[in-house]
Amino acid sequence: MQIRLDDQLATETLAALIADRCAPGDCLALSGGLGAGKSTFARAFLRYLAQDPQMEVPSPSFALVQPYETPKGAVHHYDLWRLDGPDALYELAWDEACEGIMLVEWPERAGDLLPEGALHLTFAPGDTEASRLVELTGWPEERLAGLNP
């Protein structure tokens with residue numbers, strides 16, 4: 001499924017719609033180049049789950065993982081850009097995180113350790129500076145129904 005996001009508000013709305021469908025054990029794999037919208041999506045997703053629109057959501061670029069407690073349980077936000085390889089994930093509470101909800105930026109660096117059944121969101125620039133295109137794969141169509149913000 002491909003969705004056009006006209007602006008940041010559309011990205012935030014998509015994040016909230018997907019957050020409503022998430023449960024412990026779900027993984028969202030966020031791909032795309034720098035500035036494609038991954039962090040905007042992750043920040044909105046976490047704020048929505050935490051029910052705190054002003055919550056500070058720092059990028060986990062240097063720490064590699066940032067854990068959050070939400071009403072739906074633990075959420076781990078990973079940024080694997082600087083990861084040395086999939087084996088390093090074991091030092092980052094990866095197995096524990098798989099039991100909660102995971103947001104994984106640069107998921108290709110996780111190799112075969114990315115949970116099966118992950119929702120893959122691939123962000124790309126749209127036809128305007130503010131717009132984005134996002135391709136969603138990995139979840140059944142009925143779970144994705146109604147996601148177009």
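Computation of the quantities below employed the complete heavy-atom set of this structure, encompassing side-chain atoms and omitting hydrogens, waters and symmetry-equivalent molecules.
- The two residues Trp94 and Pro115 come nearest to each other via the heavy atoms CZ2-CD, 4.0 Å.
- Looking only at side-chain heavy atoms (C-beta outward), Val57 and Phe45 stay at 4.5 Å or farther from each other.
- In the model, Glu105 has a side-chain atom that pairs as donor or acceptor with a side-chain atom of His77 under 3.5 Å.
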Worksheet item: Could you walk me through whether Met102 and Leu114 pass the side chain to side chain contact (heavy atoms under 4.5 Å, CB included) check?
Response: CA-CA 10 Å; Met102 299 171 70; Leu114 197 68; 5.9 Å; no
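- Using a distance-only test at 3.5 Å, with no hydrogens or angles considered, no donor-acceptor pair links the side chain of Arg109 to the main chain of Arg82.
- Heavy atoms from other residues, nucleotides or ligands lying under 6.0 Å from CD of Glu108 number more than 12.
- Considering only heavy atoms from C-beta on, Val134 stays 4.5 Å or farther from Thr11 through its side chain.
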Worksheet item: Leu89 and Leu80: side chain to side chain contact (heavy atoms under 4.5 Å, CB included), yes or no, with the steps?
Response: CA-CA 9 Å; Leu89 291 173; Leu80 304 183; 3.7 Å; yes
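- The shortest non-hydrogen separation linking Leu144 to Met1 is O-CE, 3.7 Å.
- Residues Tyr48 and Phe123 do not share a hydrophobic cluster, clusters being chains of Ile/Leu/Val/Met/Phe/Trp/Tyr side chains in contact below 4.5 Å.
- Interatomic distance, Leu92 CG to Leu83 CG, rounded to the nearest 0.5 Å: 6.5 Å.
- When all heavy atoms of Asp127 and Ser131 are compared, the pair lying nearest together is N-OG, 3.2 Å.
- Tested against His76 for a side chain to side chain contact (heavy atoms under 4.5 Å, CB included), the candidates Glu96, Gln66, Glu99 yield a single pass: Glu96.
- For Leu28 against Leu121, the heavy-atom pair with the smallest separation is CB-CD1, 4.2 Å.
- Hydrophobic clustering of Ile, Leu, Val, Met, Phe, Trp and Tyr side chains at less than 4.5 Å, counting indirect connections, keeps Leu136 apart from Leu133.
- Under the side chain to side chain contact (heavy atoms under 4.5 Å, CB included) rule, Arg47 has a single partner from Gln54, Glu56, Met55, Glu12, which is Met55.
- Put simply, the side chain of Phe41 does not reach to within 4.5 Å of the side chain of Leu5, judged on heavy atoms.
- For the atom pair Thr122 OG1 and Leu30 CG, the distance stands at 9.0 Å (nearest 0.5 Å).
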Item to complete: In sequence, state the C-alpha distance, the side-chain angles, and the governing distance for Cys22 and Val75, and then conclude on side chain to side chain contact (heavy atoms under 4.5 Å, CB included).
Response: CA-CA 11 Å; Cys22 279; Val75 179; over 6 Å; no
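- Side-chain atoms of Lys72 come within 3.5 Å of backbone atoms of Asp20 as a donor-acceptor pair (strictly under, hydrogens ignored).
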Item to complete: Please step through side chain to side chain contact (heavy atoms under 4.5 Å, CB included) for the pair Leu147 and Trp139, ending with a clear verdict.
Response: CA-CA 12 Å; Leu147 282 183; Trp139 279 5; 5.6 Å; no
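- Between the CG atom in Leu64 and the CH2 atom in Trp81 there is a gap of 13.0 Å [rounded to 0.5 Å].
- For Tyr78 (side chain) and Ala110 (main-chain N/O), no donor-acceptor pair under 3.5 Å exists by modelled atom type.
- Arg21 contributes a side-chain N or O that, together with a main-chain N or O of Arg143, makes up a donor-acceptor pair within less than 3.5 Å.
- Put simply, CG on Leu14 and OG1 on Thr40 are 12.0 Å apart, with the number rounded to the nearest 0.5 Å.
- The two residues Val104 and Pro107 make their nearest non-hydrogen contact at O-CD, 3.6 Å.
- The two residues Pro71 and Ala50 come nearest to each other via the heavy atoms CD-CA, 4.2 Å.
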